Amino acid sequence: MDSSAVITQISKEEARSPLRSKGSTARPSQPRGSRLGTRAHLCRPVSVPAPTLGLPASGDQKSAASQKPRSRGILHSLFCCVCRDDGEALPAHSGAPLLVEENGAVPKQTPVQYLLPEAKAQDLDKICVVIDLDETLVHSSFKPVNNADFIIPVEIDGVVHQVYVLKRPHVDEFLQRMGELFECVLFTASLAKYADPVADLLDKWGAFRARLFRESCVFHRGNYVKDLSRLGRDLRRVLILDNSPASYVFHPDNAVPVASWFDNMSDTELHDLLPFFEQLSRVDDVYSVLRQPRPGS
């Protein structure tokens, strides 16, 4: 058999091989967020059995950690803010698609339903500040914590579970002053049945003019993103304080980043940020400050 016949025979054998199928020359890429197995689906708003907590006891948690734990089990179903594969880059902005009729004309747009009502008279001249909850103001756990500030009962699948909540140091001072300086809005990717009672106990001064929960987020590439353009406020006068950059990926120039907090009781981040917010409260355009390099950055 000459060489051309051998090649032809090999090609036929390869075509009949059960290991060779359409697209099998390269291993199919994993879907986004699949590196952690069930991590992506845990972030969907579904009920998860309590035994899948997957959280270390409080004594095993790292103090002053700078990132959220990569695996939280049931916590994702209540407190999830970031669900993406950490290696995945996100775009700087993603706008809503423009609707176009078949003849190419742009239809008349229906009135936009903004997330916030009209600002109250006392806040008309104030900048709007969106403030995150988990790992920014508090840290919550299903594991018993001896020094918990709050214990919140949350019902999951007909069973009431106790959520232990720690307040970040200086959070009382911070919220009281922020409520005086700004129109403050609580915006969290957590579920309202957990976050609402926490806010009731946390905000003794009425600093939060409104509260927004997971259903107000935009689910984008495995993340619950807080789209500031949907608030109904001039973006030049909107700030967001959040420990997760993925939460404000659509509007990074409006962000004041804050380090994630878990249980370090010597943390001073909120106290240290107050002078900076005092400065921001007096500007007409937040970009005039936030787009400038900050000392130490």
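Values in this document were obtained by computation on a predicted structure and should not be read as measured data.
In this structure, CZ in R230 is found 4.5 Å from CG in L115, a value given to the nearest 0.5 Å. Atoms CZ and CG, from R209 and L116 in turn, are 12.0 Å apart once rounded to the nearest 0.5 Å. The line from CD1 of I127 to CG of L181 is 9.5 Å long, rounded to the nearest 0.5 Å. Going from atom NE2 of H161 over to atom CG of D157 covers 7.0 Å, rounded to the nearest 0.5 Å. Atom NE2 of residue H251 and atom CG of residue L231 lie 8.5 Å apart, to the nearest 0.5 angstrom. Annotation: the span from E173 atom CD to L270 atom CG amounts to 9.0 Å, rounded to 0.5 Å.
For D285 and R236, the salt-bridge test fails: no basic side-chain N is under 4.0 Å from an acidic carboxylate O. By the 4.0 Å N-to-carboxylate-O rule, D123 lies close enough to K126 to be salt-bridged with it.
E118 CD: 12 or fewer foreign heavy atoms inside a 6.0 Å radius. By the 6.0 Å contact criterion, CG on D125 is open, its count of non-hydrogen atoms from other residues, nucleotides or ligands being 12 or less.
Heavy-atom minimum distance, G179 versus A207: CA-CB, 3.8 Å. Among all heavy-atom pairs drawn from L166 and W261, the shortest one is O-CZ3, 3.6 Å. Annotation for A246 and N223: closest pair CB-OD1, 3.6 Å, computed over non-hydrogen atoms. The shortest non-hydrogen separation linking L274 to F174 is CD2-CD1, 3.8 Å. For the residue pair H139 and F262, the shortest heavy atom distance occurs at CB-O, 3.3 Å. Contact between V145 and Y164 at its shortest, heavy atoms only, is N-CD2, 3.6 Å.
Taking E180 as the reference, R177 meet the side-chain hydrogen bond (donor to acceptor under 3.5 Å, both in side chains) condition, with sequence neighbours excluded. When the side-chain hydrogen bond (donor to acceptor under 3.5 Å, both in side chains) test is applied to T268, the partners found at least two apart in sequence or on another chain are D272. Remark: F187 pairs with no residue by the ring pair (Phe, Tyr, Trp, His ring centres under 6.0 Å) rule, at least two apart or across chains. For N254, the side-chain hydrogen bond (donor to acceptor under 3.5 Å, both in side chains) criterion is met by Y287, not counting sequence neighbours. Partners of D196 according to the side-chain hydrogen bond (donor to acceptor under 3.5 Å, both in side chains) rule, which considers only residues two or more places apart in sequence or in another chain, are R211.
Between V130 and L241 the shortest side-chain heavy-atom distance does not fall below 4.5 Å. Put simply, the side chain of R233 reaches to within 4.5 Å of the side chain of E183, judged on heavy atoms. No side-chain heavy atom of V129 sits under 4.5 Å from any side-chain heavy atom of V185. Side-chain atoms of L133 and V198, non-hydrogen and from C-beta on, do get closer than 4.5 Å to each other. Residues L235 and D253 are not in side-chain contact: their nearest non-hydrogen atoms beyond the backbone lie 4.5 Å or more apart. Proximity of S140 to V138: side-chain heavy atoms (C-beta onward) are separated by under 4.5 Å at one or more points. Between L202 and L137, the closest side-chain pair of non-hydrogen atoms falls below 4.5 Å. Side-chain atoms of E135 and R168, non-hydrogen and from C-beta on, never get closer than 4.5 Å to each other.
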(message) Show, in sequence, the C-alpha distance, side-chain angles and deciding distance for F277 and V256, and conclude whether the side chain to side chain contact (heavy atoms under 4.5 Å, CB included) test is met.
(response) CA-CA 9 Å; F277 277 110; V256 178; 4.0 Å; yes
(message) Quick one, L212 with L186, criterion side chain to side chain contact (heavy atoms under 4.5 Å, CB included). Give me CA distance, side-chain angles, the key distance, then yes/no.
(response) CA-CA 6 Å; L212 301 174; L186 179 71; over 6 Å; no
(request) List the steps and the verdict of side chain to side chain contact (heavy atoms under 4.5 Å, CB included) for I151 and V163. (result) CA-CA 5 Å; I151 301 178; V163 179; over 6 Å; no
(message) For Y224 and F219: C-alpha separation, side-chain torsions, deciding distance, then whether ring pair (Phe, Tyr, Trp, His ring centres under 6.0 Å) applies.
(response) CA-CA 5 Å; Y224 290 107; F219 193 71; 5.0 Å; yes
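Using modelled atom types, one finds no donor on one side chain facing an acceptor on the other under 3.5 Å when comparing D242 with S244.
Judged by distance alone, with hydrogens and angles left aside, the side-chain atoms of T188 form no donor-acceptor pair with the main-chain N or O of D132 at under 3.5 Å. A donor-acceptor pair under 3.5 Å links the side-chain atoms of R237 to the main chain of V283, judged by distance alone. Between the side chain of D172 and the backbone N or O of H170, no donor-acceptor pair lies under 3.5 Å. Looking at R214, its side chain does come within 3.5 Å of a backbone N or O of A189 through a donor-acceptor pair. The main-chain N or O of V218 is never found under 3.5 Å from a side-chain atom of D227 such that the two would form a donor-acceptor pair.
Residue pairs meeting the ring pair (Phe, Tyr, Trp, His ring centres under 6.0 Å) criterion with at least one partner in residues 189-215, sequence neighbours excluded, are F79-Y194.
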